[in-house]
Colleague: 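Here's a structure for you.
Computed from a prediction, not measured in an experiment: that's the story for all the values here.
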Amino acid sequence: MFKDLVLEKVNIAVAKLGFEGAESIELRVETPKNPEFGDFAVNVSPLAKVARMAPFLIAQKVVENIDFDGDINIVAGFINFKLTNGQQNSVVKKVLTEKENYGSNNFGNGEKVLLEYVSANPTGPFHIGHGRWAAMGSSLSDLMKFSGYDVAQEFYINDAGNQINCLANSLKVRVLQELGTDAQFPTDEAEIKNYYTGDYLIPVAKKYIEEKNPSADNLDINDLGSFAKAELFKLQEDLLIKFGVNFDRFYSELTLHESNRVGEVIEELKQKGKTYEKDGALWFKSTEYGDDQDRVLIKADGAYTYLAPDIAYHDDKFKRADLLLNIWGADHHGYIPRMKAAMEALGHNSDKLEVLLGQLVNLIINGEQTRMGKRKKMLTLGDLIEDVGVDATRFWMIMRSIDTTLDFDVDLAKSSSDDNPVFYVQYAHARACSILRTAVEPRIDTSGENNEHLAPFFTKEQIASLAQNPCVMAALDVDDARSIASTKALIMKLESFESLILSAVKSRSPYMLCRYAQELASDFHQFYATSRVLNVEPDLMRARLTLVLAFRQVLATTLRLLGVSAPESM
RNA sequence: GCCUUGGUAGCUCAGUUGGAUAGAGCGACCGCCUUCUAAGCGGUAGGUCACAGGUUCGAAUCCUGUCCAGGGUACCA
């Protein structure tokens with residue numbers, strides 16, 4: 001990373017100047033907006049206070065004392081650095097040497113991370129919001145592994161509790177209907193809230209009848225519940241795999257009840273004096289840890305609240321990992337203080353429970369905002385994937401920062417697949433592959449009368465050896481300013497991949513990968529438009545083909561981290 | 001009321017601990033295919049960074065207040 005090198009050199013020079021208090025001022029390396037200035041820039045203006053000098057003079061002093069092999073110029077308080085051809089070559093060489101590992105780092109230092117996301121109830125198909133967490137979570141997982149974390153991905157199944165009773169009762173109605181009775185969902189508004197009236201239970205009911213051959217007057221509600229749970233979970237699991245999301249473990253809430261982990265954790269909180277009884281319920285003193293109010297663990301009717309098993313689950317997770325990462329929807333925001341409080345009370349470090357709060361997804365149908373809800377007939381994640389494909393869906397879901405509400409315009413996503421950014425990016429990859437293919441194919445000269453057969457430009461062995469001798473820039477000093485500029489821009493974009501990965505992982509922001517992919521593709525398309533690769537002078541051909549190889553590698557890595565395919569042709 | 005996320009070009013959004021002339025995509029308009037994929041490239045137009053104060057040599061960025069929008073504020077999950 002040349003950024004680090006530049007910063008190191010500047011810091012050494014600043015230290016030599018001996019400004020009092022300069023150590024506490026942190027300088028930054030940035031990329032100049034205007035590439036004419038240079039490849040990297042350091043603004044020394046922050047030193048003005050301790051140096052008591054105009055920024056321009058400081059910059060001059062620093063440059064006088066710096067040991068840097070390359071062009072340097074000063075504009076106001078900015079010191080601009082230009083990489084030499086040799087330094088740029090080393091970028092390409094590094095990419096081709098490290099291959100699919102280029103860009104990786106050891107920031108995570110092997111820390112054990114348990115990343116939990118999606119964690120939907122097994123009471124219906126995924127809606128589009130689940131898709132956002134699924135895509136982001138799996139991409140974040142890959143990004144963190146790429147940065148030296150030891151990540152396990154987990155899905156918590158809420159397969160206990162009242163919603164399962166609702167599910168069982170709903171399936172009962174559907175089974176009775178399929179058996180030819182006139183059973184109906186209740187019409188009373190208060191009652192209907194306890195039922196899932198979506199069509200998706202009809203095939204489940206049919207399957208239940210086929211497998212169990214039940215009679216209408218003898219339906220076992222528990223059996224219905226577990227059957228429905230298993231069927232809907234299977235649907236979810238299949239869809240996740242189709243969507244490129246591979247959890248290491250599906251953790252059943254039910255097992256926490258069966259093993260009495262829930263009871264044990266509550267007992268532990270009691271022992272520690274963190275609970276009390278009031279109005280017939282058992283309360284957790286979460287206000288002792290900064291929550292707005294205390295929270296109920298066991299309701300007056302004796303049943304656990306949702307919080308109780310969830311505390312047991314998080315306690316279990318802390319026993320298995322150093323860092324807990326949860327992706328939660330913004331509607332769970334109020335839940336964070338009580339969970340952190342519970343972890344503190346149980347003796348865990350709540351700073352190691354990081355909740356990534358994701359803003360919700362709005363569905364736009366016919367230009368109208370539609371509320372999500374699985375009880376209404378609606379567009380599911382499965383439907384969306386059918387319509388726009390896995391690649392486009394994943395890219396769209398990851399593309400925006402987790403802090404902004406995602407307006408998913410279904411009609412737009414369906415109709416405008418041609419100018420979808422994901423195609424733009426994939427097209428760049430396919431183009432690069434096409435060049436590499438053409439380079440080793442036999443040619444036919446159609447310019448003369450006879451169609452003459454010519455040998456390919458390169459053998460596969462020659463292409464493989466290009467990685468060993470990436471003398472790119474020297475050979476690229478052609479008499480074409482646009483070609484030089486776009487070539488250099490592409491190399492610098494490849495160079496910035498390492499620091500991009502680092503800042504993306506530090507801020508847990510896979511969306512940065514989408515932006516990078518688009519910028520990288522754009523730089524390549526410009527290179528392509530200005531710089532003919534094949535059938536030019538041999539040195540130039542080798543040099544440009546080497547750059548194509550390096551570009552293809554980095555784009556493929558970026559797409560892999562996004563869980564989006566990198567097609568060889570389109 | 002309180003907690004929380006936003007408000008930047010017609011639309012959707014970037015803008016990394018305060019720094020160079022505030023950027024990208026889409027949409028609009030004008031150009032570019034006999035040669036490696038035109039799902040592409042070049043160009044033009046488009047801004048009071050919600051508003052008002054404050055801190056600073058310097059603010060889209062930090063502080064205070066106001067306005068607007070989403071989410072939360074359960075002995076639901």
Colleague: Between rA77(B) and rU16(B), how far apart are the P atoms? Round to whole Å, please.
Modeller: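 Straight-line distance between the two P atoms is 41 Å.
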Colleague: Figure out the CH2/P separation between Trp328(A) and rA77(B), and round it to whole Å.
Modeller: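 Checked: the CH2 to P distance equals 15 Å.
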Colleague: I'd like to know whether Tyr117(A) forms a ring pair (Phe, Tyr, Trp, His ring centres under 6.0 Å) with Phe155(A), so could you lay out the CA-CA distance, the side-chain angles of the two residues, the decisive distance to 0.1 Å, and finally the verdict.
Modeller: CA-CA 6 Å; Tyr117(A) 58 101; Phe155(A) 182 120; 8.3 Å; no
Colleague: Whole angstrom is fine here: how far is it from CG in Asp523(A) over to P in rG25(B)?
Modeller: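 So the two atoms are 11 Å apart, to the nearest Å.
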Colleague: With a 3.5 Å limit on both atom pairs, tell me what rC29(B) is paired to, counting Watson-Crick and G-U wobble, or say none.
Modeller: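 Answer to the pairing question: rG43(B), which forms a Watson-Crick or G-U pair with rC29(B).
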Colleague: Counting heavy atoms from C-beta on, name the nucleotide in rC41(B), rG71(B), rC75(B) closest to the side chain of His333(A).
Modeller: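 For His333(A), the side-chain atoms sit closest to rG71(B).
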Colleague: Do the non-hydrogen side-chain atoms of Tyr516(A) and Lys493(A) ever get within less than 4.5 Å of each other?
Modeller: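 Touching, per the 4.5 Å side-chain cut-off.
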Colleague: Taking syn as any angle within 90 degrees of 0 and anti as the rest, which one fits rC33(B)?
Modeller: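 Syn conformation here, the glycosidic angle of rC33(B) being no more than 90° from 0.
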Colleague: Under a 3.5 Å distance rule, please check whether Lys229(A) uses its side chain to pair with a backbone N or O of Asp159(A) as donor and acceptor.
Modeller: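 Here the side-chain-to-backbone pair exists.
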Colleague: For rA52(B), give its Watson-Crick or G-U wobble partner with both distances under 3.5 Å, or none.
Modeller: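 Pairing partner, where one exists within any strand: rU64(B).
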Colleague: Write down the distance separating the C1' atoms in rC36(B) and rG18(B), rounded off to the nearest Å.
Modeller: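 That atom pair is separated by 47 Å.
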Colleague: Looking at rU34(B), which nucleotide sits across from it as a Watson-Crick or G-U wobble partner, both distances under 3.5 angstrom, or is there none?
Modeller: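 Check on rU34(B): unpaired, no WC or wobble geometry under 3.5 Å.
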Colleague: Could you tell me the separation between the CG atom of Leu360(A) and the P atom of rA69(B), rounded to a whole number of Å?
Modeller: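 My rounded result for the distance is 18 Å.
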Colleague: Determine the interatomic distance between C1' on rG46(B) and the same-named atom on rG25(B); round to the nearest Å.
Modeller: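 rG46(B) and rG25(B) have their C1' atoms separated by 15 Å.
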Colleague: Between rG71(B) and Gln359(A), counting only base atoms on the nucleotide and side-chain atoms on the residue, is there a donor-acceptor pair under 3.5 Å?
Modeller: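 Looking at the base of rG71(B), it does not pair with any donor or acceptor on the side chain of Gln359(A) (distance under 3.5 Å).
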Colleague: For Asp39(A) and Lys488(A), run salt bridge (charged side-chain N to carboxylate O under 4.0 Å, His left out): C-alpha distance rounded to whole Å, both residues' side-chain angles, the deciding distance at 0.1 Å, then the answer.
Modeller: CA-CA 9 Å; Asp39(A) 300 317; Lys488(A) 220 180 135 171; 3.4 Å; yes
Colleague: Would you call Asp291(A) and Lys285(A) a salt bridge, using N to O less than 4.0 angstrom?
Modeller: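 No, this pair does not count.
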Colleague: Between P on rU61(B) and CD on Glu30(A), what's the gap in Å once rounded to a whole number?
Modeller: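 Taking atom P of rU61(B) as the reference, CD of Glu30(A) is at 18 Å.
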Colleague: Take the protein atom CZ of Phe524(A) and the nucleotide atom P of rG40(B), then report the distance between them rounded to whole Å.
Modeller: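 After rounding, the gap between these two atoms is 13 Å.
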Colleague: I'd like the C1' distance from rA24(B) over to rA69(B), given in whole Å.
Modeller: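 Straight-line distance between the two C1' atoms is 24 Å.
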Colleague: Taking the cut-offs as 6.0 angstrom to the six-membered ring centre and 45 degrees off its axis, would you call Arg443(A) and Phe457(A) a cation-pi pair?
Modeller: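 Checked: cation-pi criterion met.
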Colleague: Considering only side-chain heavy atoms of Gln163(A), which listed nucleotide, rC13(B), rA77(B), rG19(B), is closest?
Modeller: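 Of rC13(B), rA77(B), rG19(B), rA77(B) is nearest to the side chain of Gln163(A).
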Colleague: Between Ala330(A) and Thr404(A), which has a closest nucleotide on RNA chain B that is more 5'?
Modeller: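 The residue whose closest nucleotide sits nearer the 5' end is Thr404(A).
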Colleague: Quick check for you: among rA77(B), rC13(B), rG19(B), whose closest atom lies nearest to any side-chain atom of Tyr335(A)?
Modeller: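 The answer is rA77(B).
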Colleague: Using the side-chain heavy atoms of Gln526(A), tell me which of these nucleotides is nearest: rG42(B), rG72(B), rU73(B).
Modeller: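 Closest nucleotide among those given: rG42(B).
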Colleague: Which nucleotide wins on minimum distance to the side chain of Ala281(A), given the candidates rC75(B), rU37(B), rU4(B)?
Modeller: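 The nucleotide sitting nearest to the side chain is rC75(B).
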Colleague: Go through rC75(B), rC41(B), rA14(B) for me and flag the one nearest to the Arg482(A) side chain.
Modeller: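 Within the option list, the nearest is rC41(B).
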Colleague: Take the protein atom CD of Gln518(A) and the nucleotide atom P of rC13(B), then report the distance between them rounded to whole Å.
Modeller: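 Roughly 14 Å, once rounded to whole Å.
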Colleague: Donor-acceptor pair under 3.5 Å: do we get one between His525(A)'s side chain and the base of rC41(B)?
Modeller: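 Donor-acceptor pair under 3.5 Å: no.
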Colleague: Check every atom of rG40(B), rG15(B), rC13(B) against the side chain of Tyr424(A) and return the nucleotide holding the closest atom.
Modeller: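 Of all the options, the side chain of Tyr424(A) is nearest to rG40(B).
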Colleague: Is any side-chain heavy atom of Phe551(A) closer than 4.5 Å to one of Leu520(A)?
Modeller: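 Yes. Closest side-chain heavy atoms under 4.5 Å.
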Colleague: rC36(B), rC75(B), rG70(B): which one has an atom nearest the side-chain heavy atoms of Val533(A)?
Modeller: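 So the side chain of Val533(A) is nearest to rC36(B).
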Colleague: Any strand is fair game: report the nucleotide pairing with rC2(B) by Watson-Crick or G-U wobble, both distances under 3.5 Å, or none.
Modeller: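 Matched rC2(B) with rG72(B) under the 3.5 Å cut-off.
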Colleague: What nucleotide among rU12(B), rG72(B), rA14(B) has an atom nearest to a side-chain atom of Asp331(A)?
Modeller: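 Nearest nucleotide to the side chain: rG72(B).
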Colleague: Should Tyr424(A) and His525(A) be marked as a ring pair (Phe, Tyr, Trp, His ring centres under 6.0 Å) after you check the CA-CA gap, both sets of side-chain angles, and the distance that decides it?
Modeller: CA-CA 9 Å; Tyr424(A) 178 85; His525(A) 284 310; 4.8 Å; yes
Colleague: Between rA14(B), rC36(B), rA38(B), which nucleotide has the shortest distance from any of its atoms to the side chain of Ser401(A)?
Modeller: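 For the Ser401(A) side chain, the nearest candidate turns out to be rA14(B).
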Colleague: Have a look at Ser503(A) and say if it touches a base, only the backbone sugar-phosphate, or nothing, with a 4.0 Å heavy-atom cut-off.
Modeller: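 Answer is nothing: Ser503(A) stays at 4.0 Å or more from every strand.
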Colleague: For Tyr427(A) and rG40(B), are the ring centres under 5.5 Å apart with planes inclined under 30°?
Modeller: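 No; centroid distance or tilt outside limits.
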Colleague: If I pick the P atom on rC11(B) and the same atom on rC3(B), what distance separates them, to the nearest angstrom?
Modeller: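 31 Å, rounded to whole Å.
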Colleague: Mark yes or no for a side-chain to base donor-acceptor pair under 3.5 Å between Asn80(A) and rA20(B), with no hydrogen or angle criteria applied.
Modeller: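 Such a pair exists between side chain and base.
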Colleague: Taking atom C1' in both rA9(B) and rG27(B), compute the distance separating them and give it to the nearest angstrom.
Modeller: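 Here rA9(B) and rG27(B) have their C1' atoms 12 Å from each other.
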Colleague: Taking the P atom of each, how far is rU61(B) from rA22(B), in whole Å?
Modeller: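 Result for the P pair: 15 Å, nearest Å.
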Colleague: Considering only atom P, compute the distance from rG65(B) to rA28(B) and round it to an integer number of Å.
Modeller: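 My reading of the P atoms in rG65(B) and rA28(B) gives 44 Å.
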Colleague: How do Asp294(A) and Arg532(A) order along RNA chain B: which one's closest nucleotide is nearer the 5' end?
Modeller: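 Checking each residue's closest nucleotide, the 5'-ward one belongs to Arg532(A).
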